[in-house]
Amino acid sequence: MPETPTTDLLDWYDRHARRLPWRVPPGSDATPDPYRVWLSEVMLQQTTVAAVKGYYERFTARWPTVEALAAAPDAEVMAEWAGLGYYARARNLLACARTVAARGGFPRTEAGLLALPGVGPYTAAAVAAIAFGERAAVVDGNIERVMARVFDIATPLPAARAEIRERTDALTPADRPGDYAQAVMDLGSTICTPRSPACGICPWREPCLARARGVQAERPVKPPRKAVPQRRGVAYVGRREDGAWLLETRGEDRMLGGMLGWPGSAWDRGEEEAPPPVPGDWVVLNGEARHGFSHFGLALRVLVARLPLDAEPARGTFVAVEAFRAGDLPTAMRRVLDVARTSPLIADGEPSVPAQETEMLPPALIESHTGAIRKKGPAG
DNA sequence: AAATCGTGGCA
DNA sequence: TTGCCAAGATT
């Protein structure tokens, strides 16, 4: 086992720590706010620092305390999270905030934190170490990679996790455990990167076994990924004469649960069809809304209709034009809107096409009709 | 325990 | 363009 100079890494961190909005600079006497540490850690789950920054700033500006967040309506929090992905995090975030507010503050131990919704082994250890100074072993993807290289662990993930956790725990100091964890994470994200690590300037260059053996690019060993299947569906973008949009809040048992979306078909049972949310002159657009999820690709056929003021939809509710923001939608639903907006039927103000063109068409005619629209549609 | 759950950036 | 993957949690 190589020497792994923890204190050297803390010295490196004192000089090279990234300045991040949720981070207290090393050496400052300020104590990090547990609420902000927790919020940032949840946002950072499987998500890049660059993507998180803006969301973190907006959340903390709007809800400066866990009590404020706990009091927020679900829809506002989900809308603020829109675009960040993994929406169960936002649902759990609210549940957790309400639990914490009700009990009068965050649990101050790793075990106590682990019991909170949306707080797993990584987040519990990170908050315990960073906000409360507990000597908890923090293991994220960065730290996995660093440890797999420093100790040249050839066991493939996820089987290697037991050993990685042991190694991490053995190295974690009682003094400054939070800074230590952030130091290893910074090392992993700036030097010990997944591809072409900068071993020449690494503070752990000397003890690193994988580097000594020239196998750093092959650590950690990961299983091959499965190919993602392709799925299809339909989405209905309805717009009332007063400009209101027909939207629904998706059930929590569905994909994008809790988020705003266009009524449409399921995507998971091979269903491509679904009845319209309200009877009307629905027109099929030519361009499809394509989106790649983590475990499947999706192509959505988009139908649009202009709806009368007295429309009574079986699904969804109308959102007034001044209350509607595309940014409140998850990305897949924004793509649907992008396609829908290529149709004059959905444009702001009066319809710019003769009424005849908005008639419901027999299926056999849909192809030719949408073919005419295609020229104005987006490429693809 | 393996599958599920988003998104954007980058080589 | 495609594939890879980022401060994981849940069931």
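Bear in mind that the values here come from a model prediction, so they are computed numbers and not experimental data. In the text below, chain A, chain B and the rest are named by the order of the sequence lines, each starting its count at 1.
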Next on the checklist: Once you apply a heavy-atom cut-off of 4.0 Å, does A/V138 come out as touching a base, just sugar-phosphate, or nothing?
Outcome noted: nothing
Checklist outcome for this item: When rounded to whole Å, the NZ to C1' distance for the pair A/K53 and B/dT7 reads 18 Å
Next on the checklist: Need one value for A/W22: base, sugar-phosphate or nothing, where a base atom within 4.0 Å counts as base even if backbone is also close, heavy atoms only.
Outcome noted: base
Checklist entry - Once you round it to whole Å, what is the distance between C1' of C/dG8 and CG of A/L116? => result 15 Å
Next on the checklist: For a quick check of understanding: with a heavy-atom distance under 4.0 Å over all strands, which category does A/T123 fall into, base, sugar-phosphate or nothing?
Outcome noted: sugar-phosphate
Checklist entry - Which is true for A/R23 with a 4.0 Å heavy-atom rule: it touches a base, it touches only sugar-phosphate, or it touches nothing? => result base
Item to check | Atom P, compared across C/dT11 and B/dG6: separation rounded to whole Å | outcome: 14 Å
Next on the checklist: Below the 4.0 Å mark, does C/dA6 have OP1 or OP2 next to a side-chain nitrogen or oxygen of A/R145?
Outcome noted: yes
Checklist entry - Among C/dC5, C/dA9, B/dT4, which is the nearest nucleotide to the side chain of A/Q45? => result C/dA9
Next on the checklist: OP1 or OP2 of B/dC5 versus the side-chain N and O atoms of A/H295: is any pair under 4.0 Å?
Outcome noted: yes
Checklist entry - To the nearest angstrom, how far is A/L84 atom CG from C/dG8 atom P? => result 13 Å
Next on the checklist: From CZ of A/R161 over to P of B/dA1, roughly how many Å is that when rounded to an integer?
Outcome noted: 12 Å
Checklist entry - With sugar-phosphate meaning primed atoms plus P, OP1 and OP2, does A/P158 contact a base, only sugar-phosphate, or nothing at under 4.0 Å between heavy atoms? => result nothing
Next on the checklist: Taking any heavy-atom pair under 4.0 Å as a contact, classify A/T331: base, sugar-phosphate, or nothing.
Outcome noted: sugar-phosphate
Checklist outcome for this item: Judged by nearest nucleotide, the residue sitting upstream toward the 5' end of DNA chain C, A/R195 or A/E41, is A/R195
Checklist entry - So which one's nearest nucleotide on DNA chain B is more toward 5', A/K226 or A/P330? => result A/K226
Checklist entry - Is the cationic atom of A/R250 (NZ for Lys, CZ for Arg) positioned less than 6.0 Å from the six-membered ring centroid of A/W267 and within 45 degrees of its normal? => result yes
Next on the checklist: For a quick test of reading the model: is some side-chain N or O of A/H291 closer than 4.0 Å to OP1 or OP2 of B/dT7?
Outcome noted: yes
Next on the checklist: For a quick check of understanding: with a heavy-atom distance under 4.0 Å over all strands, which category does A/I130 fall into, base, sugar-phosphate or nothing?
Outcome noted: nothing
Next on the checklist: Once you apply a heavy-atom cut-off of 4.0 Å, does A/G83 come out as touching a base, just sugar-phosphate, or nothing?
Outcome noted: sugar-phosphate
Checklist outcome for this item: The salt bridge (Lys or Arg N to Asp or Glu O under 4.0 Å) partners of A/D14 (sequence neighbours excluded) come to A/R176
Item to check | Heavy-atom check, side chain of A/E288 versus side chain of A/L300, under 4.5 Å | outcome: no
Checklist entry - When the distance from CE of A/M255 to C1' of B/dT7 is rounded to whole Å, what number comes out? => result 11 Å
Next on the checklist: Expressed as a whole number of angstroms, how long is the span from A/L44:CG to B/dG6:P?
Outcome noted: 18 Å
Next on the checklist: Using whole Å, what does the distance between atom P of nucleotide B/dC5 and atom OH of A/Y86 come to?
Outcome noted: 10 Å
Checklist entry - Is the shortest distance from a Lys or Arg side-chain nitrogen in A/R334 or A/D328 to a carboxylate oxygen in the other one below 4.0 Å? => result no
Next on the checklist: Quick check: on DNA chain C, is the nucleotide nearest A/N92 upstream (toward 5') of the one nearest A/P194, or the reverse? Name the residue that is more 5'.
Outcome noted: A/P194
Item to check | Gap between atoms CZ and P, on A/R335 and B/dT7 respectively (whole Å) | outcome: 8 Å
Checklist entry - Is the A/W38 ring parallel, tilted or perpendicular to the A/F106 ring (thresholds 30°, 60°)? => result tilted
Item to check | Any residue meeting ring pair (Phe, Tyr, Trp, His ring centres under 6.0 Å) with A/Y236, in chain and number order, not counting sequence neighbours | outcome: A/W282
